[in-house]
There are 2 protein chains.
Amino acid sequence: MNKDHVSNIREVAALAGVSTATVSRALQQPDKVRAETRKKVFDAVEKINFSPNAHARSFRQQSNQTVILLVRDIGNPFYLEIYKGVEEAASDAGYKVLMGDARNDETRVANYIEMVRQKQADGLILMTGHFPEEQAKRLDLLPPIVLASETVPGLDLPTVKVDNKTASKDAVRYLIDAGHRRIAHLAGPLPENLAADRFEGYRQALAEAGIDYNEDLVTSGDYSIEAGRHAVLGMLSKKSAFTAIFASSDQMAIGAISELRSHGLAVPDDVSVIGFDDIIFANAIEPPLTTVRQPRREMGRQAMALMVERLNGQKTNETIELKTELVIRGSVAPCAPGRSQT
Amino acid sequence: MNKDHVSNIREVAALAGVSTATVSRALQQPDKVRAETRKKVFDAVEKINFSPNAHARSFRQQSNQTVILLVRDIGNPFYLEIYKGVEEAASDAGYKVLMGDARNDETRVANYIEMVRQKQADGLILMTGHFPEEQAKRLDLLPPIVLASETVPGLDLPTVKVDNKTASKDAVRYLIDAGHRRIAHLAGPLPENLAADRFEGYRQALAEAGIDYNEDLVTSGDYSIEAGRHAVLGMLSKKSAFTAIFASSDQMAIGAISELRSHGLAVPDDVSVIGFDDIIFANAIEPPLTTVRQPRREMGRQAMALMVERLNGQKTNETIELKTELVIRGSVAPCAPGRSQT
DNA sequence: CTGAAAGCGCTAACAA
DNA sequence: TTGTTAGCGCTTTCAG
């Protein structure tokens, strides 16, 4: 046997003394073949170490049973649990999952869309806040797309998300109830929908409590640790006074805490902090982070479930809204009335 | 135009008044076609919104320009930077990267190998400590495989790694130099090579300092935060005395610190801790973690570089060894001689 | 239950 | 420079 030689279905057929059609059937729908014949085929397969060529298969079926999970930034552990959920549901439905990294870069998103357009994958689960406008116009030419966590203006697609505005409002109200009035917000990349919703929740909570909105206390960032650091540094150097921070990602919260600390400010004694997501590190740091938990595994599972519906030809444009939960840990302390330190 | 209709190369050819071969050429090697012809083709492509069918293409070429990065546990942020490095190099070489999660599960590894065997991907970058024995015997039937970070006994393949034994020895010696004698080790999943090398470094450092090895101070885990917690809990409940911990992953170190803290033990005042990897959180927690930095981005890039060589038919079995660096931060404190607390 | 044969869309010889 | 043509390996009718 030639070293570079790869066996194909014809060799199996020849060896088993049957037709290629029978080999194919024996492999794909074993019950459609007589037991005896099946055995002959399996023996031949075994003997020459045959495994069907996936390219040919995909080509023939015009499907490779693969779905792409495109995330904003693969460096954010937030997505890992999502991936696991997607992968579980996908695996159950006979699909594989490929994870792509948009790196906060619109042209990279466009590249992935193009991949999907060329049918490199059967579907796309999108977790970026972007979608190239040009391609958005011809959605009908694209394979199924499902949105998870994020939404895109003007893109009417099946979606799994949480009620960001309410979650955010509840978190800020918790801070207010603890006596805080000067509450900073580390927002996501405005004006994206996701960031805007959380920002809106923040503003509403303030408004309802009769607290004036102060734009110096809001910084937009890309959800990374670095963005959290940078936001705090900015506020500190502008001497903006605040006693609490509501961050729209745990990573930003963690970056913020780290930066505060390096300026001699303690959490929660000097500044209280609330994050968003409840990534695994949130509960492992000091102080354990009070944060808005998103049901990420479930979000992934549901997104893939919607995808499977789409893949099976159903055309619902359902939006599933999952519950969040404010997880109280140790990063928020009461604020004495009248206190005002940076 | 039918809604479900997908255009193909023949329609483009017809519209442009050329042959399908010319269309293919115009798209793949534009300079092999006269400018005028090219324009006709592009116009036609534009008009019917044609994009070549990737399945057909892969089938014809028996390649889909995709490489799988199979990791032990996608939940560990360690792999994210690796992915980025791989992705960069892959992108330069015209490849895409798919990330798979072995979930510490050998049968899942086997499934991925089977995918690769069926040529779902052109190559596999393996970051698990496992390789199914059966499939290891027929390596010649598999597409190119490159090992990164981890090695597998009996698998002689191109590899990118660090010198784990030395790195580990240096870290432990740093602890010894700080006065520690009762040093615990949170090992990886023994007896895997990676875990064993780091364990061996730990033992050697102890031996050279004349410190007796105490097996109660060694716990094997899967590199996760949970494993770190669990290891500390185990030692504490067995009343094993130790003043320092050398963990073989930052996640385990972070889990350990968290668990220590919940038992009223402070880091580094009561227990010093060193991690391994230098994930992004290592520098964001309190205290900032002293750890062995692995050049992860570079590791990913080099792994993909080796992969490209393989893909291009070169058959080197090179092992590249990258440098680590002990990053001194705040999680190690001197240990007074004679002190002995848990 | 099995075989013959067509053909998925594209690319690469080869010929012109 | 362009066209003709022959498949790549598999699945799936359709006959038998």
Side-chain angles (χ1 to χ4, degrees), chain A residues 2 4-42 44-45 48-65 94 115 117-120 122 141 143, chain B residues 2 4-45 48-65 94 114-115 117-120 122 141 143:
Chain A
N2 184 326
D4 281 352
H5 175 78
V6 179
S7 51
N8 64 26
I9 201 171
R10 259 176 285 114
E11 292 177 36
V12 179
L15 198 59
V18 299
S19 73
T20 60
T22 299
V23 175
S24 178
R25 274 188 290 252
L27 263 23
Q28 306 308 326
Q29 317 152 53
D31 31 321
K32 292 237 182 275
V33 158
R34 190 150 44 100
E36 196 186 330
T37 316
R38 207 186 310 143
K39 184 173 181 335
K40 281 194 294 185
V41 171
F42 285 162
V45 163
I48 65 174
N49 208 294
F50 168 77
S51 93
N53 182 307
H55 292 306
R57 193 142 206 277
S58 303
F59 173 47
R60 180 57 227 245
Q61 322 255 23
Q62 287 300 303
S63 150
N64 55 9
Q65 300 292 108
M115 267 178 73
R117 182 158 169 257
Q118 295 182 5
K119 305 264 186 321
Q120 289 247 10
D122 296 351
L141 295 176
Chain B
N2 185 324
D4 280 352
H5 175 80
V6 178
S7 51
N8 64 27
I9 202 171
R10 259 176 286 114
E11 293 178 34
V12 178
L15 197 61
V18 298
S19 73
T20 59
T22 299
V23 175
S24 177
R25 272 189 293 252
L27 262 24
Q28 306 308 325
Q29 315 152 54
D31 31 323
K32 292 239 182 276
V33 157
R34 191 149 44 99
E36 196 184 330
T37 315
R38 208 186 310 143
K39 183 173 180 335
K40 282 193 293 185
V41 172
F42 287 162
D43 287 349
V45 164
I48 64 174
N49 208 293
F50 168 76
S51 93
N53 182 308
H55 292 306
R57 189 144 208 276
S58 302
F59 173 48
R60 179 58 228 243
Q61 321 253 18
Q62 287 297 305
S63 149
N64 55 8
Q65 298 292 108
E114 184 57 25
M115 266 179 73
R117 183 157 168 257
Q118 294 183 5
K119 305 265 186 319
Q120 288 248 9
D122 296 351
L141 295 177

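Please read all numbers here as calculations on a predicted model, not as lab measurements. Chain letters run A, B, ... following the sequence lines, proteins first, then strands; residues in each count from 1.
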Asker: Would A:Val41 and A:Leu27 count as a side chain to side chain contact (heavy atoms under 4.5 Å, CB included) if you check the C-alpha gap in whole Å, the side-chain angles of each, and the deciding distance to 0.1 Å?
Answerer: CA-CA 8 Å; A:Val41 171; A:Leu27 263 23; 4.3 Å; yes

Asker: For residues 9-23 of chain B, dump all side-chain donor-acceptor pairs below 3.5 Å to protein atoms at least two apart in sequence or in another chain.
Answerer:
unit_1, atom_1, unit_2, atom_2, d
B:Glu11, OE1, B:His5, NE2, 3.3
B:Glu11, OE2, B:His5, NE2, 2.7
B:Ser19, OG, B:Ala21, N, 3.4
B:Ser19, OG, B:Thr22, N, 3.2
B:Ser19, OG, B:Thr22, OG1, 3.2

Asker: Atom OG in B:Ser58, atom CD in A:Gln118: separation rounded to 0.5 Å?
Answerer: 9.5 Å

Asker: Working to the nearest 0.5 Å, report the span between CD of B:Glu114 and CZ of B:Arg117.
Answerer: 5.0 Å

Asker: Sub-3.5 Å donor-acceptor pair from the side chain of B:Asn64 to the main-chain atoms of B:Gln120, do we have one?
Answerer: yes

Asker: Looking at every strand, decide which applies to B:Val18 at a 4.0 Å heavy-atom threshold: base, sugar-phosphate, or nothing.
Answerer: sugar-phosphate

Asker: Closest heavy-atom contact between B:Pro143 and B:Asp122?
Answerer: CB-O, 3.4 Å

Asker: In whole angstrom, give the distance that lies between atom CD of A:Gln28 and atom P of D:dC10.
Answerer: 10 Å

Asker: Do the side chain of A:Arg25 and the main chain of A:Lys32 share a donor and acceptor less than 3.5 angstrom apart?
Answerer: no

Asker: Please enumerate all protein N or O atoms sitting under 3.5 Å from an N or O of nucleotides 13-16 of chain D, with distances to 0.1 Å.
Answerer:
none

Asker: Which heavy atom of A:His55 sits nearest a heavy atom of B:Ser63, and at what distance?
Answerer: NE2-N, 3.5 Å

Asker: Which part of the nucleic acid, if any, lies within reach of A:Val33 when heavy atoms closer than 4.0 Å are counted: base, sugar-phosphate only, or nothing?
Answerer: sugar-phosphate

Asker: Would you say B:Gln65's side chain and B:Gly94's backbone share a donor-acceptor pair under 3.5 angstrom?
Answerer: yes

Asker: Mind listing the residues from residues 7-16 of chain B sitting with a heavy atom below 4.0 Å of DNA chain C? Number order is fine.
Answerer: B:Asn8, B:Ile9, B:Arg10

Asker: Which residues, if any, of residues 52-63 of chain A bring a heavy atom under 4.0 Å of DNA chain D?
Answerer: A:Pro52, A:Asn53, A:Ala56, A:Arg57, A:Phe59, A:Arg60, A:Gln61

Asker: Excluding sequence neighbours, so at least two apart, what forms side-chain hydrogen bond (donor to acceptor under 3.5 Å, both in side chains) with A:Gln61?
Answerer: none

Asker: Write down the atom of B:Arg38, the atom of B:Pro30, and the distance for their closest heavy-atom approach.
Answerer: NE-O, 3.0 Å

Asker: Kindly give the heavy-atom pair with the smallest separation between B:Phe50 and B:Ser7, and that separation in Å.
Answerer: CA-OG, 3.4 Å

Asker: With distance as the sole test, does B:Gln62 use its side chain to make a donor-acceptor pair with the main-chain N or O of B:Phe59 at under 3.5 Å?
Answerer: yes

Asker: Using the heavy-atom set of chain A and a strict 4.0 Å cut-off, write down the first and last nucleotide of DNA chain C that makes it in, 5' to 3'.
Answerer: C:dC1 to C:dG9

Asker: Separation of B:Gln118 atom CD from D:dT11 atom P, in whole Å?
Answerer: 10 Å

